[in-house]
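Below is one structure, written out as structure tokens, with a few remarks after it.
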Number of protein chains: 2
Amino acid sequence: MIREQLLQPTAVELAAFLTRHTRTCDCLIQVAGQAEVTYQGRAASTADAGNYLLILKCDGSLQIHHPKGIKPMNWQPKTDRITATLEDGMCVLTASRTSPTETVRVLMLDIQLAQALEIQEEVGFVIAGTEAQMQATLARHPELIEPGLTVLDRELMSSVGDIDLYAKDAQGRYVVVELKRAKATHDAVHQLSRYVDAVRAKLPKRAKVRGILAAPSITTPAALTLEGLKLEFKEIHALPSAQETAAQGGLF
Amino acid sequence: MIREQLLQPTAVELAAFLTRHTRTCDCLIQVAGQAEVTYQGRAASTADAGNYLLILKCDGSLQIHHPKGIKPMNWQPKTDRITATLEDGMCVLTASRTSPTETVRVLMLDIQLAQALEIQEEVGFVIAGTEAQMQATLARHPELIEPGLTVLDRELMSSVGDIDLYAKDAQGRYVVVELKRAKATHDAVHQLSRYVDAVRAKLPKRAKVRGILAAPSITTPAALTLEGLKLEFKEIHALPSAQETAAQGGLF
DNA sequence: TGTTATATGTCGGGG
DNA sequence: CCCCGACGTATAACA
């Protein structure tokens, strides 16, 4: 699994290593050591010389990690062109892409480690509790939102965006449902509000349109705004707990 | 910089290595090899046995990378508790946190490499082109938005959210400015719209209130909605290009 | 701690 | 390619 490992490579060795592997592009490459990083594109940044960990994946994505946090200090998603060159006797890695136009430049000052790992195969990964699954479940079992509800459409395109669920209630009123897999905020309320407005505008004037925000919970300010707009909230969880599943007769 | 490195460690060696380093917590730890990963928390996921790269940072954050993309396949930001244990003769890494309650569990099947790197010091990092900087620049030079504009407030709190810039134009009309560092979408238009409404509601009825969306560009549908709402768009870039800076007399 | 807003967000889907 | 919205978004600021 370790294809190649260099300890304290010289600039020339490192450049050769990087060029070789970025060409074949069949390994995950890592470089650790002192470097200086600049970025120019959607924004512009510079990082002082320090110890960083670089990761260069097969798909051409680059990330440079500092000691804290999930997010890399600098990065570049799926780069068009990655080149390793020698400048003034030092190895420089440049990762550029167009659309948007941006470049990350890494000046390798004192590299301790460079390695190529065989991490290629994509492997099965499944996730439960996404909004898409919530939507599928509710489309099959709209009674979880409210008895008597009939789903007319999913992902209905309106002029202002896609409506998660479009339905009719027991009394024939149209219902716009906005789903959130996590706690609903102000944002979700306004999203729902503008969908409801769009639907009302399209329907005959006397048609009644309800708006329901379905989420596991809602922030207090958002709940107040929701109330003010005469919209409704319905508690729905993305991941049913064991007891909920039992109570619902195993609908999920 | 390489504090310690193990090649093809046994489960016992690996568990000891992880326990030792997670306790001292002064290194960035990497583990590469075949593993199985499950997550349970805000959602639930499982990843089949495959080759992955684990990174465990000093701050207790964990990320597990697959061969593609910037984002890790699984992760855990700033974990409360990380433990390495032996289960049925295999090393298992568990990273849990509360708030939200979630756990990542890594079953180490066939580990090729474990290493501890000294990447500790935080180092200088500066970035240009953030929205905050945009706001500061425009607050000092409101004429970049429009001649005769006077800024009354920054980050003004309204009932529906914070208004980026609140100003008065040459004719004494109030102006609500919404900033976006990147292309403005529908969302920004509606945000601006509801800010303008909130301001209008607070002012005497005959007071004129304008709304300006300041961004480097805007999507076509958003521009149409904006026009329909009688709101305005002003092209403002987060990162002034060299020529723009010259044209503006070096205001930035 | 809860809520809000930003991000070089990233990523995937649909027209 | 543009547009849109979800994401286990992460992360910092602020009440």
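Only this structure's heavy atoms are used, side chains among them; waters, hydrogens and symmetry mates stay out. Small disclaimer: the values here were computed from a predicted structure and weren't measured. We name chains A, B, ... by the order of the sequence lines, and we start the count at 1 in each one.
If you take CG of B/Asn74 and P of D/dA10, they are 12 Å apart, rounded to a whole angstrom. In this entry the distance linking CD of A/Gln191 with P of D/dC4 reads 12 Å, nearest Å. Atom-to-atom, NZ of B/Lys78 to P of D/dA10 comes out at 12 Å; the value is rounded to the nearest Å. Between B/Trp75 atom CH2 and D/dC7 atom P the separation is 11 Å, expressed in whole Å. Residue A/Asp162 contributes atom CG, which lies 10 Å from atom C1' of C/dG13 at whole-angstrom precision. Atom C1' of nucleotide D/dG5 and atom CG of A/Asp164 are separated by 9 Å, given to the nearest angstrom.
Checking the phosphate oxygens (OP1, OP2) of C/dT8, no side-chain nitrogen or oxygen of B/Thr130 falls inside 4.0 Å. The side chain of B/Arg97 places no N or O atom within less than 4.0 Å of a non-bridging phosphate oxygen (OP1 or OP2) of D/dG8. Within the 4.0 Å cut-off from OP1 or OP2 of D/dA10, at least one side-chain nitrogen or oxygen of B/Arg42 is found. Here B/His186 reaches the OP1 or OP2 of D/dC4: one of its side-chain N or O atoms lies under 4.0 Å away.
Using a 4.0 Å heavy-atom distance criterion, B/Pro221 is classed as a sugar-phosphate-only contact. If you check every strand for non-hydrogen atoms under 4.0 Å, A/Phe125 touches nothing. Note on B/Ser45: nothing from the nucleic acid sits closer than 4.0 angstrom, heavy atoms only. As judged by a 4.0 angstrom heavy-atom cut-off over every strand, A/Glu102 is placed among the base-contacting residues. Contacts of A/Glu155 with the nucleic acid, taken as non-hydrogen atoms under 4.0 Å apart, are absent. At a threshold of 4.0 angstrom between heavy atoms, the contacts of B/Met157 with the nucleic acid are absent. Residue-level contact check: A/Gln135 touches neither bases nor backbone, having no heavy atom under 4.0 Å from any strand. Nucleic acid contact for A/Gly129: none, since no nucleic acid atom lies under 4.0 Å from a heavy atom of the residue. As judged by a 4.0 angstrom heavy-atom cut-off over every strand, A/Asp187 is placed among residues making no nucleic acid contact. At the heavy-atom level, A/Gly41 lies nowhere under 4.0 Å from the strands shown.
Using a 3.5 Å distance cut-off with no hydrogens or angles, the side chains of B/Thr185 and B/Asp187 do not pair a donor with an acceptor. Side-chain contact annotation: B/Asp80 with B/Ser96, donor-acceptor N/O pair under 3.5 Å absent.
Among D/dC3, D/dT9, D/dC7, the nucleotide with an atom closest to any side-chain atom of B/Thr220 is D/dC3. In the set C/dT1, D/dG8, D/dG5, D/dG8 carries the atom at the smallest distance from any side-chain atom of A/Ile127.
The aromatic rings of B/His65 and A/His65 sit perpendicular to each other, their planes meeting at more than 60°, with 30° as the lower class boundary.
Taking the charged nitrogens against the carboxylate oxygens, B/Lys180 and B/Glu178 do have a contact shorter than 4.0 Å, which makes a salt bridge.
Nearest approach of A/Lys183 to A/Thr219, heavy atoms of both residues: CD-CG2, 3.6 Å.
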